[in-house]
Each structure stands twice: as structure tokens, then as C-alpha cells.
Participant: 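Below you will find the structure I want to go over with you.
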Amino acid sequence: MIEHQRGEMKWLPWAGINLRRNPFGELSPEERAELAVVDVEPILARLSEQRVAVQFIGACGRGKTTRMLALLKHLPNASYTYLPEDAACPAIAMGDPILIDEAQRLPRYVRRRIWSSGISLVLSTHRDLRRSLRRSGYRVTTMRIGNGNTPSHVCQLLNRRIDASRLHTGSVPSLTLRAAECLVSRFGSDIRAMEHHLYEQLQKQVEQHGEVRSFDCVG
């Protein structure tokens, strides 16, 4: 399938199923926030109080960052800082609240400085930081991320990804609940691994056949 774009011919292998791209490729932070399937209202209500900390605890790929990005949409005065694994700690952007992604990587002296500010915090972390937060006077809400990644949730989330990649009005494929059950059986609660698997499977079909032949490709 081809279309004209800026005077050039562009091959659209996804157009046969009414998609403009592989729906499971990398998203921008804005797209991730827009497509998040998460109820932020209870968290926002908690953050309306003083000196509170909300920590999202979970392994990689479970949805911690997605929740933080979804929250940012509703917090115009907030700041967000991601702490890379193999680099020096960047300057922590100050806002209200302060959102820190991979907060377990905070050097101790930086953590003390942030905690002493008393500004409400949202943290994604692999390690429970409750003890040090409470010592600094914070009231802490802890959310374990991953347990809610049921087949039903996975099905809803991945189908939102598909719909967001729609090329034109009209129907698009959908991932069945049975396929979502297979993904959960194989990958547990790791949404990122599911997306990577589906991306690779769809790309292989396009490379081998020039089109997508089967959408529920979980094998």
C-alpha cells in the first residue's frame, strides 16, 4: 500500500489494516500520558494535602513512569526528573509537587535535601523509601504497581495503543482477551515486555509478507 507525501511515494505496510504505524513502537511522553489507563483522581486528592509522598513501587515495565506522566497532565506546577542508571544524578527540577522517576538512585545527600524541603513528592522506585520519608515528616502512600496488570487491563491498554495508530476512520484490528491472557501467562505483569514482543512479531510479518496477516501474534 502506498500514498503520496511531499511529492514522494511512501510505503504503508500497515494501511491494509487501517493503521499508520506499528502500534507497539516507542511512544513520546505525551502519547504515553494520553494513552495511560490509570485512575489519577485518588492520587490527586492525596497530593492536595501538605507534606505527603506517594511512591509507586514495582519492577521495570509495570507502569510506574506511565502513571507519573499521566499525573503531570493534571499538575501544572509540578516538576519531573528522570534519574538515569549509568550517569551522574541530574539537577532535580523543583515544582509542587516534585516527581522523581527511579528515585532509588538518588544520592543520599540529594535525597536529604529534597526530603527536607517538605514539598509533596511523587516517586517511582524499586526500593521502599517509606522509612526515610517518615523520618522527614512525610505521610506516605505506597502503591504496588503490577498487580493490576490483569488480562482485562492488558487488553484495554493494548487496544488503546492500536486505536491511537488508526490511519483513517473505520474499523481497526483489536487484541482479544484470549490473546491478552496468553501474554500475561508468558510475561506476567511486564507490560513493556508484552509491547516489545508484539512489536517484533508484527514487524516480522511485514518484513516477510509485506503486510500484517495475523494480529493476535502471541506465540
Participant: Taking the ring of H196 and the ring of F24, is the distance between their centroids below 6.0 Å?
Facilitator: no
Participant: Quick one: does R144's side chain have a donor or acceptor within less than 3.5 Å of a partner on I57's backbone?
Facilitator: no
Participant: Is it true that a side-chain atom of Q55 and a backbone atom of D128 form a donor plus acceptor pair closer than 3.5 Å?
Facilitator: no
Participant: Say you draw a straight line from CG of N149 to CG of L183; how long is it, rounded to the nearest 0.5 Å?
Facilitator: 12.0 Å
Participant: Look only at the side chain of N159 and the backbone of C155, and say whether a donor-acceptor pair between them is shorter than 3.5 Å.
Facilitator: yes
Participant: Do M68 and V37 belong to the same hydrophobic cluster, where Ile, Leu, Val, Met, Phe, Trp and Tyr are linked whenever their side-chain heavy atoms lie under 4.5 Å apart, directly or via other members?
Facilitator: no
Participant: I would like to know whether N18 and L167 meet side chain to side chain contact (heavy atoms under 4.5 Å, CB included); could you show each step before the answer?
Facilitator: CA-CA 5 Å; N18 196 27; L167 181 61; 3.6 Å; yes
Participant: Any sub-3.5 Å donor-acceptor pair from E102's side-chain atoms to L83's backbone N or O?
Facilitator: no
Participant: Would you check, one step at a time, whether the test side chain to side chain contact (heavy atoms under 4.5 Å, CB included) holds for L71 with V38?
Facilitator: CA-CA 9 Å; L71 280 171; V38 56; over 6 Å; no
Participant: Could you tell me whether a side-chain N or O of S136 sits under 3.5 Å from a main-chain N or O of W115, the two making a donor and an acceptor?
Facilitator: no
Participant: Should E181 and R178 count as an ion pair when the cut-off is N to O under 4.0 Å?
Facilitator: yes
Participant: Could you grab the distance from atom CG of L106 to atom CD1 of I92, nearest 0.5 Å is fine?
Facilitator: 5.5 Å
Participant: Could you tell me if the side chain of L177 sits less than 4.5 Å from the side chain of P151, heavy atoms only?
Facilitator: yes
Participant: What I want to find out is whether K73 reaches E30 closely enough, with some N-O distance under 4.0 Å, to be called a salt bridge.
Facilitator: no
Participant: Just how far is it from atom CG of L47 to atom NE2 of H74, taken to the nearest 0.5 Å?
Facilitator: 12.0 Å
Participant: Tell me if a side-chain donor or acceptor on N77 pairs with a main-chain N or O of G95 at a distance below 3.5 Å.
Facilitator: no
Participant: Looking at every heavy atom in both T81 and A93, which two are closest together, and how far apart are they?
Facilitator: OG1-N, 3.1 Å
Participant: Should E31 and R21 count as an ion pair when the cut-off is N to O under 4.0 Å?
Facilitator: yes
Participant: As an exercise, state the distance from CG of L44 to CG of D39, rounded to the nearest 0.5 Å.
Facilitator: 9.0 Å
Participant: Starting from V172, can I reach V154 by hopping between I/L/V/M/F/W/Y residues whose side chains sit under 4.5 Å apart?
Facilitator: yes
Participant: Heavy atoms, side chains only, cut-off 4.5 Å: are R134 and R139 in contact?
Facilitator: no
Participant: Evaluate the side chain to side chain contact (heavy atoms under 4.5 Å, CB included) criterion for residues F56 and T125: first the C-alpha distance (whole Å), next the side-chain angles of each, then the deciding distance (0.1 Å), finally the verdict.
Facilitator: CA-CA 6 Å; F56 302 134; T125 176; over 6 Å; no
Participant: Side chain to side chain contact (heavy atoms under 4.5 Å, CB included) for C89 and R105? Distances and angles first, verdict last.
Facilitator: CA-CA 8 Å; C89 179; R105 298 173 183 162; over 6 Å; no
Participant: Would you check if the side chain of Y138 reaches a backbone N or O of I119 as a donor-acceptor pair within less than 3.5 Å?
Facilitator: yes
Participant: Mind checking the OG-CD1 spacing from S117 to I98? Nearest 0.5 Å is all I need.
Facilitator: 4.5 Å
Participant: Is any side-chain heavy atom of S120 less than 4.5 Å from a side-chain heavy atom of R51?
Facilitator: no
Participant: Strictly distance-based, threshold 3.5 Å: is any side-chain N or O of R160 a donor or acceptor partner for the main-chain N or O of E34?
Facilitator: yes
Participant: For the residue pair P90 and P84, what are the closest heavy atoms and their distance?
Facilitator: CD-CD, 4.0 Å
Participant: In terms of hydrophobic clusters joined by side-chain contacts under 4.5 Å, are L35 and L69 together?
Facilitator: no
Participant: Check V40 against A70 and note the closest heavy-atom contact, atom names and distance.
Facilitator: CG1-CB, 4.1 Å
Participant: Nearest 0.5 angstrom please: R161 CZ to L175 CG, how far?
Facilitator: 12.0 Å
Participant: Quick check: closest heavy atoms across A78 and L99, and the distance to 0.1 Å?
Facilitator: CB-CD1, 3.9 Å
Participant: Any heavy-atom pair between the side chains of I162 and L19 that's under 4.5 Å?
Facilitator: yes
Participant: Between D190 and R62, is there a side-chain N and carboxylate O pair less than 4.0 Å apart?
Facilitator: yes
Participant: Is R46 reaching over with its side chain to a backbone N or O of P42, donor-acceptor style, under 3.5 angstrom?
Facilitator: no
Participant: When you measure from the side chain of T176 to the backbone N and O of A179, does any donor-acceptor pair fall under 3.5 Å?
Facilitator: yes
Participant: Considering only heavy atoms from C-beta outward, does the side chain of L133 approach that of L123 to under 4.5 Å?
Facilitator: yes
Participant: Work out which heavy atom in H153 is nearest to a heavy atom in G148; give both atom names and the distance.
Facilitator: CB-O, 3.4 Å
Participant: Decide whether Y80 and V52 are clustered together by the hydrophobic rule: side chain heavy atoms of Ile, Leu, Val, Met, Phe, Trp, Tyr closer than 4.5 Å, transitively.
Facilitator: yes
Participant: In terms of hydrophobic clusters joined by side-chain contacts under 4.5 Å, are I100 and V54 together?
Facilitator: no
Participant: Return yes when atom CD of E49 has more than 12 non-hydrogen atoms of other residues, nucleotides or ligands closer than 6.0 Å, and no otherwise.
Facilitator: yes
Participant: For residues S124 and K64, report the shortest heavy-atom separation together with the two atoms involved.
Facilitator: CB-CB, 3.8 Å
